[in-house]
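This report refers to the structure that appears directly beneath it.
Heavy atoms only: backbone and side chains are in, while hydrogens, waters and symmetry mates are out. This is a predicted model, so every value here is computed, not measured. As the structure lists them, so they are numbered: ligands from 1, and atoms in each ligand from 1.
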Amino acid sequence: MAMTADPTVDPQKPELTRTAQLRRAYGVALAGSVAGLGLCFALGVNLDDDGAFLLFAPTVLAAAAMGGAGPGLLAATVGAVAEPIWATSQGRHLPAIGLGLFVLLSAAMAYLGERMQVTRARNAIRARRLREREAHLQSILDTVPDAMIITDEKGVMQSLSSTAERLFGWSQAEAVGQNVAVLMPGPYKDAHDTYMQHYVDTGEKRIIGIGRVVAGQRRDGTTFPMHLSVSEANLGSRRSFTGFVRDLTEREQTEARLQQLQSELVHISRLTAMGEMASALAHELNQPLSAIANYLRGSRRLLEKGDPADRPRLSEALGKAADQAVRAGEVIQRLRQFVGRGETEKRIERLPDLIDEASLLALIGARELGVRVTKTYDPNCEIALVDRVQIQQVALNLLRNAIDAMRDSSRRDLSVTVSPAADGFIAVRISDTGSGISDETLARLFEPFMTTKKEGMGVGLSICRTIVESHGGAIWAENNPAGGATFTFTLPMVSEAAAGV
Ligand code: ADP
């Protein structure tokens, strides 16, 4: 913290130790008493017997004030003995009244001196502890990563920690006295005074003790995200506020980078899935293309014959060729959407449509294998807020895995069910009659690079989990009692009313 040290303490001037103080006080006691006796002799006849004690009293006072009871009593004793010796040596009578008063007065001075010493020592200890605590606090404040700004109740800055100076680009000297609103961009700046006044008037806390993410503004006008929490201190008649600021720039950048990496990964895995399906896809496209070629060849023959009676057949053949071209175009279109990078964006979607579309891609080549597919969609839970391509990617992954698992099965039944689940979720279940999953695989199923396939990458399911969890759902797998496996993933349900459908 760029705060100042205690101005009452001069570090160049070490405090006197107690022993040195005492030594000095005893010195004063003895020297003062000797001087007092000397004065007695010097003034001689002019002195009153009792009044001569007055020459010793200042020494008692000074010694007691400087060193407490010990030096004070020493000065008193020397005075009480020396004065009567002097008096008798001068042939005067013993000054009993003066002696009595002197002893009483000296005792009182010694007592008060001692009290003063004790209080002074206590104060010194207290001041030292305070300095130590302040130094400790200072070292903490200098090292905590949070920036700290102290303001009064009007929002005027009283001090800034060094982290705050670095973060906002204002030095302590420049910032103190300015309103803290200079550290905020537009909308916050304008509203800040009103917030403060509102809190002072009503006591309603919007940020104090709660903390929230807001925008901060550096001196050069650039803004950055920050987490701000404010604490309040009541200093008798005054109030002060301390703002703790954590710069979130780096965290947001890391999060954005992670998100970007994740969506890259998701994208790459879609490409991989399509790569694995390349031959099936080629086949899927080949069918309409050969059909088109056949229809066109036939049409050409009919045209060459030139028989007007063939015109309806010609028209029919061309129509069919056009249909097949559209079909091929649709496959390509679907593929392009699926492998495209696309913005990840959640929209209200109808799950049956979305799953139907994904299964068209997933089931390419499955018919040849003799896979029977049944789909059951509960009409009460058809709407979800999802990223269409990503959820299709999950469905496609699960469907392809199910088909792979059934390659060696005698029964190849694949069922897709969408039904309500607990706590306002929709469950999508994909169940097969395949090999099932061994306990060992089951335990690590969703871990990246977990595969039992020769050509497998083992990233499909881990990506499915990332996608489902980023939608607020969960994914799990279990073996069916009658053989095969069931994969279930959930998505938060959206009511038709809320979706405005
Ligand atoms: P990959 O398909 O590349 O192996 P996945 O992450 O999609 O990667 O799957 C990981 C493993 O999970 C598969 O290798 C397989 O052993 C197992 N698995 C996934 N789905 C099923 C299923 N329906 N039936 C049996 N095992 C499955």
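Side-chain N/O atoms of Asp356 and Tyr377 include a donor and acceptor closer than 3.5 Å.
Around the CZ atom of Arg313, the shell of radius 6.0 Å holds no more than 12 heavy atoms that belong to other residues, nucleotides or ligands.
Judged by distance alone, with hydrogens and angles left aside, the side-chain atoms of Arg400 form a donor-acceptor pair with the main-chain N or O of Ala362 at under 3.5 Å. No side-chain donor-acceptor contact under 3.5 Å links Asn480 to the backbone of Ala482.
Taking Arg372 as the reference, Asp413 meet the side chain to side chain donor-acceptor pair (under 3.5 Å) condition, with sequence neighbours excluded.
Of the candidates Arg301, Lys305, Arg300, Lys305 is the only one forming a salt bridge (charged side-chain N to carboxylate O under 4.0 Å, His left out) with Asp310.
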Below 3.5 Å only, please: the N or O atoms of ligand 1 paired with protein N or O atoms, distance on each line.
| from | atom 1 | to | atom 2 | distance (Å) |
| --- | --- | --- | --- | --- |
| ligand 1 | 2 (O) | Asn401 | OD1 | 3.2 |
| ligand 1 | 2 (O) | Lys453 | NZ | 2.7 |
| ligand 1 | 3 (O) | Met457 | N | 3.0 |
| ligand 1 | 3 (O) | Gly458 | N | 2.9 |
| ligand 1 | 4 (O) | Thr451 | OG1 | 2.5 |
| ligand 1 | 6 (O) | Gly460 | N | 3.3 |
| ligand 1 | 6 (O) | Leu461 | N | 2.8 |
| ligand 1 | 7 (O) | Asn401 | OD1 | 3.4 |
| ligand 1 | 7 (O) | Asn401 | ND2 | 2.9 |
| ligand 1 | 8 (O) | Gly458 | N | 3.4 |
| ligand 1 | 14 (O) | Thr451 | OG1 | 3.2 |
| ligand 1 | 14 (O) | Thr452 | N | 2.8 |
| ligand 1 | 14 (O) | Thr452 | OG1 | 3.3 |
| ligand 1 | 16 (O) | Thr452 | OG1 | 2.4 |
| ligand 1 | 23 (N) | Asp432 | OD2 | 2.9 |

